[in-house]
Amino acid sequence: MNEPIAGIDLGTTNSLIGVVEAGFPILLADEQGSRLTPSVVYFPKDGTAPVIGSAALRRRATDPERTIVSVKALMGRRRGDVDIHPAFPIAYNAQGEIQIEVDGKYHSPVAIGALIIGRLKEIAEARLERPIHRAVITVPAYFNDAQRQATKQAGEMAGFTVERILNEPTAAALAYGLQRLGEAAKIAVFDLGGGTFDLSILEMREGVFQVLATHGDTQLGGDDFDRALVAWLAARAFPDGGSPPPDATARLLDAAVAAKHQLSSAEQTDISLPFMRGTEHFQITLSRSEFENIIRPIADRTRQPCRQALSDAKMLPADLDQILLVGGSTRIPLVRQIAAEIFGQEPNTSSHPDEAVALGAVIQGGILNGSMQQMTLLDVTPLSLGIETFGGLMNVILPRNTTIPCKAGEMFTNAVDQQPSMLIRILQGEREMARDNWTLGQLQIDFPPVPRGSARVGVQFSIDADGILHVLARDTKTQQDVVLEIRHAAIQVDDARVEEMISASIENAFDDIHERQWTEAKLKAHELLAAVQTALPLAVEFLSKEENETITQAAQAVNSALEKSSLPDLKQANHTLDQATESLAAILVEKAMDDAMRRQGLMD
């Protein structure tokens, strides 16, 4: 069996990794079940190892100068190339190359990128339970040679042999399975991510893609929308003028990103930031039309590269068979509207904007190592498929419009002490809560009763060429498998029911997201409180009176927020308790290591 070649999308905002398994391209999820890894690196103040991904992103609001974001925009750049002012300090070496300063130490953007790719490698090897040494990595089509070399170098520093640097639009075209368009087709790929914009025009003949023209802007993306909205919010939160302090700017940035996401489906959103100026709270309602007015000048910058690419390809918009939207920023309704205006046709929005490029990279890796001999796009899933998880949440395994055939899986654990089995309820739909989706079936897998969080059950969904869904659950300890076959779940769903489900998901989006966030925060709170209740007596002798009181008070604040049913208060209380217990966790780890060494006779 050939060693798999990983496909990697090193994104400005999020990064992904996947491989071809059993002939199917799959994207791999981390320990929390997320396929998206935030492209963020945090350097702890105590000098311990850098934190990468979601945990690092959570530090942006509290420690922006030590949290490195959007590093892709800095890779391969020199003095004078970059027109952004990040919260973290940047400097230049004697050659004019960008350096990121943390605690007097200098890190190159390539080294930061390598940390992110290294985290992706770690995720893939943990999921596949074997090492991976080779990779295909995507870059914007408009990246110059220095940026491409920097990306390749980052992959090599992370331990990969980089087999190919693949243009993102070409990867997206592969993921869309454009063979279905016939023997010949001309396609424009409109790729607007977190930090870069590309417009590429490709011609496909008998499965071979030829790039006819490409144009773009490597300093245009969702980050620019965020900065514009932060400036608008800052002018209202600090009406006296002047720049807000770094911690306030970081909080405004988190609020701006959340508002941007919400306004892709809602007509307005409320922004509430307590204690923004001393004891003063900042509250404002932002409508979609206001947001669009703020970002329109930036979004309009996509027009010129599109016109230039058409001119270079000697084509008119009417000559194009399809316009494909790629990149998370294409979720914004105004961006979709502008794309439709430029090309005179409604763009194709059928694929996952965050995952298309990564999936194409996986396919390219499969082609290079011979594990994908032929691709045939048969159909797509009309609605998302997933399972119910603890708290009544819908956990999506196969998103809506996933190309068939396909396969994806995630690892789950027991939520209750001494739980003897796991009931897996298979769902179909677009709502955040399990109860609002359709139940397709269920299966049960038994395992020996173990403490909470100790069991490991892998759940895999696969849809074959006939549209038959197979759900496999495996206890990783006993290797016991339980399989359920569900016919016609993937493609044969009445159109009216699909429209009904999608309409309901849009209509209830705000309430659904709020309920999901509250449920997740509540689960996190109960998890923290249980951990503190168990751990505090074991470490009380090692804690100072002040540390003990701080943890106790933080736990009381969590209980109070739960009683008030206040989501902002609960999120803040969880965060405070999380921070307050860092020393407690360190003590317990040290105590466990000492106990283990004593058992082995290595300590007196």
Considering all heavy atoms of both residues, which atom of Cys306 and which atom of Ile342 are nearest to each other, and what is their separation? CB-CG2, 3.7 Å

Could you tell me whether a side-chain N or O of Asp30 sits under 3.5 Å from a main-chain N or O of Gln32, the two making a donor and an acceptor? yes

Going by heavy atoms in the side chains, are Phe275 and Glu280 under 4.5 Å from each other? no

Using a 4.5 Å cut-off on heavy atoms from C-beta on, say whether the side chain of Ile100 contacts that of Val71. yes

Please report the shortest heavy-atom distance between Ile323 and Leu320, naming the atom on each side. CD1-CD1, 3.6 Å

If you measure only the distance, is there a donor-acceptor pair under 3.5 Å linking the side chains of Thr285 and Gln268? no

For Ile137 and Gly155, the nearest pair of non-hydrogen atoms, with its separation, is CD1-CA, 3.9 Å

Between Arg119 and Glu31, does a salt bridge (charged side-chain N to carboxylate O under 4.0 Å, His left out) hold up when you go through it step by step? CA-CA 12 Å; Arg119 170 60 180 150; Glu31 301 86 350; 2.8 Å; yes

Is any side-chain heavy atom of Ser264 closer than 4.5 Å to a side-chain heavy atom of Pro333? yes

Does any N or O in the side chain of Arg127 come within less than 3.5 Å of the main-chain N or O of Ala29, such that one atom is a donor and the other an acceptor? yes

Going through the distances and angles, do Phe88 and Val102 end up as a side-chain contact (heavy atoms from CB on, under 4.5 Å)? CA-CA 8 Å; Phe88 51 88; Val102 183; over 6 Å; no

Is the shortest distance from a Lys or Arg side-chain nitrogen in Asp103 or Lys45 to a carboxylate oxygen in the other one below 4.0 Å? no

Under a 4.0 Å N-O cut-off, is there an ion pair linking Arg79 with Glu97? no

Can you find a heavy atom in the side chain of Asp226 that is under 4.5 Å from one in the side chain of Lys260? yes

Residue pair Leu528 / Asn574, side-chain heavy-atom distance below 4.5 Å: yes

Side chains of Gln149 and Gln153: donor-acceptor distance under 3.5 Å anywhere? no

Quick check: do His107 and Phe43 have side-chain heavy atoms less than 4.5 Å from each other? yes

Return the CD to CG distance between Gln572 and Leu570, rounded to the nearest 0.5 Å. 10.5 Å

Salt-bridged, Arg251 to Asp254, with N to O below 4.0 Å? no

Can the ring centres of Phe160 and His133 be said to be less than 6.0 Å apart? no

For a salt bridge (charged side-chain N to carboxylate O under 4.0 Å, His left out) check, start with the C-alpha distance between Arg331 and Asp354, then their side-chain angles and the critical distance, and finish with the verdict. CA-CA 10 Å; Arg331 285 191 176 91; Asp354 292 319; 2.8 Å; yes

Going by an N to O cut-off under 4.0 Å, is there a salt bridge joining Arg277 and Asp240? yes

Met75 and Gln147: CA distance, side-chain angles, deciding distance, side-chain contact (heavy atoms from CB on, under 4.5 Å) verdict: CA-CA 6 Å; Met75 291 174 62; Gln147 292 167 303; 6.0 Å; no

Taking the ring centre of each residue, are Phe238 and Phe282 less than 6.0 Å apart? no

Shortest non-hydrogen pair, Pro44 vs Pro50, comes out as CD-CA, 4.1 Å

Does the side chain of Arg288 come under 3.5 Å of the side chain of Asn293 through a donor N or O and an acceptor N or O? no

So do Phe291 and Leu334 actually touch side chain to side chain, heavy atoms under 4.5 Å? no

Any donor-acceptor pair under 3.5 Å linking the side-chain atoms of Tyr42 with those of Asp63? yes

Would Asp511 and Glu515 satisfy side-chain contact (heavy atoms from CB on, under 4.5 Å), going step by step from the backbone distance to the final call? CA-CA 6 Å; Asp511 291 339; Glu515 184 172 1; over 6 Å; no

About how many Å separate CD1 of Ile52 and CD of Glu122, when rounded to the nearest 0.5 Å? 7.5 Å

Count the heavy atoms belonging to other residues, nucleotides or ligands that lie under 6.0 Å from CD of Glu292, then report whether that count exceeds 12. yes

Apply salt bridge (charged side-chain N to carboxylate O under 4.0 Å, His left out) to residues Arg303 and Glu341 and explain how you reach the verdict. CA-CA 9 Å; Arg303 296 179 186 269; Glu341 291 171 1; 2.7 Å; yes

Exercise: identify the closest heavy-atom pair between Ile513 and Glu432: N-CG, 4.1 Å

Could you check whether Thr269 and Gln262, counting side-chain N and O atoms only, form a donor-acceptor pair closer than 3.5 Å? yes

Over-ring placement of Arg516 relative to Trp518, 6.0 Å and 45° cut-offs: no

Less than 4.0 angstrom from a charged side-chain N to a carboxylate O is my criterion; do Lys524 and Glu527 meet it? no

Verify the distance criterion only: is there a donor paired with an acceptor across the side chains of Ser70 and Asp223 at less than 3.5 Å? yes

Under 4.0 Å between a side-chain nitrogen and a carboxylate oxygen: does that hold for Lys105 and Glu101? no

What heavy-atom pair brings Ala521 and Leu567 nearest, and what distance separates the two atoms? CB-CD1, 4.0 Å

Any salt bridge between Lys121 and Glu125, counting N to O under 4.0 Å? yes

Taking the side chain as every heavy atom from C-beta outward, state whether Val136 and Leu368 have any pair of such atoms under 4.5 Å apart. yes

Answer yes or no: is there an ion pair linking Lys72 with Glu168, defined by an N-O contact shorter than 4.0 Å? yes

Is a side-chain donor-acceptor pair under 3.5 Å present for Glu410 with Asn395? yes

Pairing donors with acceptors under 3.5 angstrom, does anything connect the side chains of Thr48 and Asp46? yes

